Undergrad: 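What follows is a structure written as structure tokens; I'll ask about it next.
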Amino acid sequence: MMHIEHDGAGCYVSFDTALCDGCTRCVRGCPTKALRVRKGKVVHKQEACIGCGNCLRICPMGVVRAATTELSQLKKSRISVALVTPILYAQFPGVLPKDILKGLKRLGFHHTVDMSYFFEMFQFATEEFIRQNRRTQEAPWPLISPVCPVVLRLIQTRFPSLIPHIHPIKRPVALMAKKVTRILSKHYGVNEGFISMVYINPCPTKKGDNPSTPDQSFTNGGPYAMGICDIYSRLAKEVEHVRNIEAIPMAFASYEFEQCTSGDGLLWGMSGGETVASDIEKSLSVSGLDETVSMLEKIEMGLFRDTEYIELRACTEGCLGGALTAIDKYLAKSASQRMITLLGTGKRLNRDRINRLYEKEWFFSKRAEQGGFEGDGFASTPFTIEEMRKIDGLIQLINGRDCAACGAPDCRTFAEDVVRGEAPVEACLLLRARGLSGEQVMTFINSKECGHACQGLG
């Protein structure tokens with residue numbers, strides 16, 4: 001059963017500092033420099049966190065936990081709906097998707113929604129947008145897939161100039177929540193707030209709105225994120241029970257989106273699956289956090305303008321490598337490939353109907369057309385010219401190797417923290433080894449001669 005609490009935006013992970021030994025592994029592995037070690041314990045700068053889960057993977061002490069909900073008690077006053085990604089199917093090699101969906105109902109969910117139905121809607125809308133954009137050139141090439149919420153927050157945080165490149169079609173999970181909430185509230189004759197959406201998630205992200213289409217917010221009933229690894233053991237028992245019974249009716253499977261009928265959706269869990277499923281010739285796919293950052297840097301430099309669509313996934317091997325998955329990503333990939341072969345591929349939606357919805361702008365955000373956005377990213381206060389002079393002077397004085405012994409990921413970040421007043425100069429081991437006191441260093445970088453005589457002081 002399930003008790004659900006809705007955390008504030010940006011709180012993707014939490015830290016049990018009592019377990020932290022101050023090793024700085026997570027500090028060095030954070031792509032947005034959202035972590036520091038101060039006084040031997042990790043410090044989390046929530047406003048800079050993008051929920052990539054890298055710290056979850058790196059920490060050897062179990063300090064980091066994803067801010068997801070727990071399987072405890074379903075509120076009887078609400079209609080509970082499990083939003084199921086194809087990554088969940090991949091965690092059960094040899095098990096048919098329908099049996100996994102039945103297992104979720106045995107856990108207490110009133111409805112299960114297979115995301116592949118909405119992947120197909122997204123795919124058709126994407127192909128139509130690109131076809132029209134070839135003529136209008138309204139959006140810059142290359143378009144960047146909005147499917148991975150971590151990539152969206154990474155762009156907003158580190159590459160804001162690339163926001164116009166984000167594909168403006170609503171993400172599949174947003175299309176799913178919007179349509180299903182409306183249908184089920186009408187089905188039961190209740191307000192949409194009585195529909196609780198629970199997203200069975202492979203990574204520590206709660207809603208991940210697209211910064212180019214900001215009004216993708218969900219209903220007051222969710223969706224709430226539940227990690228695959230958190231639900232896995234109990235679900236595995238229910239799935240085994242289902243498989244041992246010859247025939248169990250698919251109770252309440254009143255709608256097509258409640259069942260998985262082909263292997264197309266499983267493609268989307270793997271790196272490259274989105275571009276393979278879509279009919280876009282000038283496309284490419286990239287997976288892995290470092291590789292994604294590198295690709296964004298290249299796009300920012302003006303490269304890949306001849307490419308129409310780029311699928312970026314923050315996790316290696318795509319969502320199958322998410323931090324909250326339960327089995328090895330390569331085993332999961334093998335299971336997906338086998339299931340695709342077994343189920344076959346094919347479309348279940350009528351393209352003409354999707355195109356009619358497209359013409360009605362069902363796939364777009366009204367706010368996106370107004371050119372504004374609101375999101376989970378942050379914009380740090382820019383430094384003044386004088387502060388930049390101090391930062392450059394301190395970096396030159398340190399002349400270090402980005403050792404992270406100070407608790408910051410690199411020397412520049414440490415220097416910025418010092419100038420902001422967030423870290424003491426004494427934290428730098430190199431400066432202390434040279435016999436320089438914090439007072440001496442601060443007096444020097446505050447002087448006008450700082451930029452010309454740093455080496456002399458050292």
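Positions are given from 1 along the sequence. Keep in mind that this is a model prediction, so the values were computed, not measured.
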Undergrad: Once side chain to side chain contact (heavy atoms under 4.5 Å, CB included) is applied, do any residues pair with Asn54, and if so which ones, sequence neighbours excluded?
TA: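 With neighbours one apart ignored, the set is Cys52, Arg57, Ile58, Leu289.
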
Undergrad: Mind jotting down which residue pairs meet the ring-ring contact (aromatic ring centres under 6.0 Å, His included) criterion with at least one end in residues 304-326? Sequence neighbours excluded, please.
TA: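 Qualifying pairs, neighbours excluded: His167-Tyr309.
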
Undergrad: Check the pair Tyr188, His111 against ring pair (Phe, Tyr, Trp, His ring centres under 6.0 Å), reporting the backbone distance first and the verdict last.
TA: CA-CA 12 Å; Tyr188 287 98; His111 292 271; 5.7 Å; yes

Undergrad: Applying side-chain contact (heavy atoms from CB on, under 4.5 Å), run through Glu311 and Val147 and close with a yes or a no.
TA: CA-CA 8 Å; Glu311 169 199 321; Val147 170; over 6 Å; no

Undergrad: Applying side chain to side chain contact (heavy atoms under 4.5 Å, CB included), name anything that partners Ala236, two or more places apart in sequence or on another chain.
TA: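 Ala236 satisfies side chain to side chain contact (heavy atoms under 4.5 Å, CB included) with Phe92 once adjacent residues are dropped.
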
Undergrad: My understanding is that only residues two or more places apart in sequence, or in another chain, count here; which of them pass salt bridge (charged side-chain N to carboxylate O under 4.0 Å, His left out) with Glu238?
TA: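 Arg106.
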
Undergrad: Checking the side chain of Asn133 only, and the main-chain atoms of Glu138 only, is there a donor and an acceptor separated by less than 3.5 Å?
TA: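 Yes, Asn133 side chain to Glu138 backbone: donor-acceptor pair under 3.5 Å.
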
Undergrad: Do Glu359 and Arg356 sit within salt-bridge range, that is, some charged N less than 4.0 Å from a carboxylate O?
TA: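 No, Glu359 and Arg356 are not salt-bridged.
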
Undergrad: Given Asp410 and Lys33, is the salt bridge (Lys or Arg N to Asp or Glu O under 4.0 Å) satisfied, shown in steps?
TA: CA-CA 9 Å; Asp410 51 60; Lys33 302 179 182 179; 3.2 Å; yes

Undergrad: Taking Thr157 for its side chain and Leu154 for its backbone only, find out whether a donor-acceptor pair lies under 3.5 Å.
TA: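 Not a single qualifying donor-acceptor pair exists.
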
Undergrad: Is there a side-chain contact between Thr85 and Tyr199, using heavy atoms and a 4.5 Å cut-off?
TA: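 In contact.
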
Undergrad: Got a sec, which residues hit salt bridge (charged side-chain N to carboxylate O under 4.0 Å, His left out) with Arg38, two or more places apart in sequence or on another chain?
TA: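 In terms of salt bridge (charged side-chain N to carboxylate O under 4.0 Å, His left out), with neighbours along the sequence ignored, Arg38 is linked to Asp417.
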
Undergrad: Using atom types as modelled and distance alone, determine if a side-chain donor or acceptor of Thr181 lies under 3.5 Å from a backbone N or O of Lys178.
TA: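 The answer is no, because no donor-acceptor pair under 3.5 Å joins these two groups.
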
Undergrad: Using the side-chain contact (heavy atoms from CB on, under 4.5 Å) rule, take Thr325 and Cys229 through it: C-alpha gap first, then chi angles, then the decisive distance, then the call.
TA: CA-CA 5 Å; Thr325 53; Cys229 57; over 6 Å; no

Undergrad: Does Glu317 pair with Lys333 as a salt bridge, N-O distance under 4.0 Å?
TA: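 Looking at Glu317 and Lys333, the cut-off is met.
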
Undergrad: Under a 4.0 Å N-O cut-off, is there an ion pair linking Arg412 with Asp402?
TA: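 No, Arg412 and Asp402 are not salt-bridged.
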
Undergrad: Which residues pass the side chain to side chain contact (heavy atoms under 4.5 Å, CB included) test with Asp290, not counting sequence neighbours?
TA: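 Side chain to side chain contact (heavy atoms under 4.5 Å, CB included) check on Asp290 returns nothing, list empty.
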
Undergrad: Measuring only between side-chain heavy atoms, which start at C-beta, is Ile100 closer than 4.5 Å to Leu88?
TA: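 Yes - at least one pair of side-chain heavy atoms lies under 4.5 Å apart.
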
Undergrad: Looking only at heavy atoms, which two atoms of Ala66 and Pro204 are closest? And how far apart?
TA: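 So the minimum-distance heavy-atom pair works out to CB-CB, 3.7 Å.
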
Undergrad: Taking atom types as modelled, is there a side-chain donor on Glu274 or Ser145 under 3.5 Å from an acceptor on the other?
TA: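 Indeed, the side chains of Glu274 and Ser145 share at least one donor-acceptor pair under 3.5 Å.
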
Undergrad: Once you round to the nearest 0.5 Å, how far does CD of Glu120 lie from OG of Ser278?
TA: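 So the gap between those two atoms works out to 10.5 Å.
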
Undergrad: Just checking, any donor-acceptor pair under 3.5 angstrom between side chains of Ser161 and Glu300?
TA: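 Looking only at side-chain atoms, Glu300 and Ser161 do form a donor-acceptor pair, the distance falling under 3.5 Å.
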
Undergrad: Using a 6.0 Å cut-off, check whether atom CZ of Arg353 has over 12 heavy atoms from anything other than its own residue.
TA: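 Result for CZ/Arg353: open.
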
Undergrad: Should the pair Phe364 and Phe129 be assigned to parallel (<30°), tilted (30 to 60°) or perpendicular (>60°) ring geometry?
TA: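 Rings of Phe364 and Phe129: tilted, 30 to 60°.
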
Undergrad: Tell me if a side-chain donor or acceptor on Arg313 pairs with a main-chain N or O of Ser271 at a distance below 3.5 Å.
TA: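 No.
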
Undergrad: Within the 4.5 Å heavy-atom criterion, are Met115 and Phe122 side-chain neighbours or not?
TA: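 Counting from C-beta outward, Met115 and Phe122 never come under 4.5 Å.
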
Undergrad: Whether Lys45 and Glu422 form a salt bridge (side-chain N of Lys/Arg under 4.0 Å from carboxylate O of Asp/Glu) is what I want to check.
TA: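 Salt bridge flag = yes for Lys45 with Glu422.
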
Undergrad: Just verifying a value: how many Å separate Asp230 CG and Arg65 CZ, rounded to the nearest 0.5 Å?
TA: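 Answer rounded to 0.5 Å: 10.5 Å.
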
